[in-house]
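Some notes on the structure that comes next.
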Amino acid sequence: MFIGNQHLIGDFKKLAGAGKLAHGYIFFGEPQSGKLSFARCLANFLENGEFDFPKRVLSDTLVVNEDGKESGIDFMRELKSFLFQTSIVS
């Protein structure tokens with residue numbers, strides 16, 4: 001799935017296992033390089049223990065539209081509310 005970036009999967013698994021994940025990460029790079037897929041797989045790993053693309057909706061995950069259209073005040077209020085919640089699963 002992540003050709004050339006297998007080491008990242010191992011790195012993130014080790015960080016999670018040691019309880020040393022940071023509160024946030026920024027994934028950057030060329031368009032269509034797998035950043036969003038990697039983030040979703042990481043979220044699935046944290047919720048379900050599987051580093052694979054999620055097969056169901058993740059309860060502790062909020063995906064923000066990367067095209068920047070979700071930037072109005074109502075969305076920001078929803079985002080603030082989401083960020084103040086504690087996780088259900090992970």
Side-chain angles (χ1 to χ4, degrees):
M1 177 183 277
F2 302 104
I3 298 170
N5 293 313
Q6 290 295 331
H7 65 284
L8 293 176
I9 295 171
D11 290 346
F12 276 92
K13 283 183 175 181
K14 286 178 190 173
L15 288 170
K20 294 186 177 184
L21 282 173
H23 72 279
Y25 291 93
I26 297 174
F27 299 107
F28 64 93
E30 296 296 319
Q32 304 296 314
S33 62
K35 301 176 297 288
L36 182 59
S37 294
F38 186 87
R40 286 185 175 172
C41 289
L42 177 59
N44 188 49
F45 176 72
L46 296 174
E47 282 195 33
N48 301 311
E50 299 175 356
F51 210 104
D52 197 8
F53 201 78
K55 295 171 181 58
R56 61 178 179 82
V57 175
L58 300 172
S59 59
D60 291 341
T61 303
L62 175 67
V63 176
V64 178
N65 192 345
E66 64 273 3
D67 65 10
K69 291 181 181 177
E70 295 175 329
S71 58
I73 189 69
D74 291 332
F75 176 74
M76 291 300 144
R77 287 182 180 133
E78 178 185 336
L79 180 61
K80 182 179 174 184
S81 174
F82 178 82
L83 293 174
F84 276 102
Q85 296 175 4
T86 57
S87 63
I88 296 170
V89 178
S90 54

*Can N44 and K55 be said to form a side chain to side chain contact (heavy atoms under 4.5 Å, CB included), step by step?*
CA-CA 9 Å; N44 188 49; K55 295 171 181 58; over 6 Å; no
_Does L42 form a side chain to side chain contact (heavy atoms under 4.5 Å, CB included) with I9? I'd like the steps, not just the answer._
CA-CA 8 Å; L42 177 59; I9 295 171; over 6 Å; no
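When each of Y25, F12, F53, F45 is paired with F38, the ring-ring contact (aromatic ring centres under 6.0 Å, His included) condition holds for F12 and for no other.
Linking Ile, Leu, Val, Met, Phe, Trp and Tyr whenever their side-chain heavy atoms come within less than 4.5 Å puts L46 and F51 in one cluster.
T61 and E47 make their closest contact through OG1-OE2, 3.3 Å (heavy atoms, listed as atom of the first residue, atom of the second, distance). E30 and K35 make their closest contact through O-NZ, 2.7 Å (heavy atoms, listed as atom of the first residue, atom of the second, distance). When all heavy atoms of S33 and G29 are compared, the pair lying nearest together is OG-C, 4.2 Å.
Atom CG of L36 sits about 9.5 Å away from atom SG of C41, to the nearest 0.5 Å.
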